[in-house]
Amino acid sequence: MVVSEWVRLCGVDEAPKAGEVREAEAGGVAVCLANVDGRLCALDNVCPHRAGPLGEGWLEGEAVVCPWHSWAFSTTTGVAEAPEKGKVAVFPVKIEGGDVLVKLG
Ligand code: FES
């Protein structure tokens, strides 16, 4: 059985502030890190529409909006808002010792 592990994404001081989104990388995987009212959320950075970089997008409510064609993905479920159909992975996030960690896979 493969056990996924927590990997470091960035320092807490590098994490986005409330209302911000940024790209980060952990274990060779590009991650979209968003701060929704103080809650850090990590999503797959690659938009399922045409591979736009979600970490270069922005927040509308609790959804990350893709900068290319404005599909909006829930930071809780990863599901695209209707009428679009698509979903990105959402990774668990925790803060430990000044680092932001994510659990991939
Ligand atoms: S590539 Fe993201 S909405 Fe088109």
Side-chain angles (χ1 to χ4, degrees):
M1 187 176 87
V2 176
V3 178
S4 59
E5 294 180 2
W6 292 96
V7 290
R8 183 182 185 277
L9 192 56
C10 65
V12 170
D13 54 349
E14 302 167 292
K17 309 294 180 231
E20 295 179 353
V21 180
R22 60 160 287 198
E23 285 179 317
E25 191 181 300
V29 177
V31 171
C32 165
L33 186 62
N35 185 326
V36 182
D37 295 330
R39 176 176 60 96
L40 287 175
C41 313
L43 292 75
D44 186 342
N45 194 52
V46 181
C47 179
H49 180 218
R50 294 199 185 157
L54 293 184
E56 293 181 20
W58 59 90
L59 279 169
E60 281 182 12
E62 67 97 41
V64 171
V65 180
C66 178
W68 285 9
H69 314 97
S70 301
W71 287 23
F73 298 88
S74 165
T75 52
T76 306
T77 64
V79 174
E81 290 178 359
E84 317 303 352
K85 291 185 168 56
K87 186 176 190 297
V88 291
V90 178
F91 308 116
V93 179
K94 71 176 180 181
I95 293 172
E96 202 171 87
D99 292 326
V100 179
L101 308 178
V102 290
K103 200 173 203 175
L104 303 171

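Hydrogens, waters and symmetry mates are skipped; everything else that's a heavy atom, side chains included, is used. If you read the sequence from its start, that first residue is 1, and numbering goes on from there. Because the structure is a prediction, the values reported are computed rather than measured. In listed order, ligands and their atoms are each counted from 1.
Within 6.0 Å of the CG atom in Asp37, the count of heavy atoms belonging to other residues, nucleotides or ligands does not exceed 12. Within 6.0 Å of the NZ atom in Lys85, the count of heavy atoms belonging to other residues, nucleotides or ligands does not exceed 12.
Between Lys103 and Glu96, none of the side-chain N atoms (NZ, or NE/NH1/NH2) sits under 4.0 Å from a carboxylate O, so this pair counts as no salt bridge.
Listing protein N, O or S atoms at distances below 2.8 Å from atom 4 (Fe) of ligand 1, with waters left out, gives His49 ND1, His69 ND1.
With values rounded to the nearest 0.5 angstrom, Phe73 atom CZ is found 9.0 Å from His49 atom NE2. Atoms CG and CG, from Leu43 and Leu54 in turn, are 7.0 Å apart once rounded to the nearest 0.5 Å. Atoms CD and CZ, from Glu56 and Arg22 in turn, are 11.5 Å apart once rounded to the nearest 0.5 Å.
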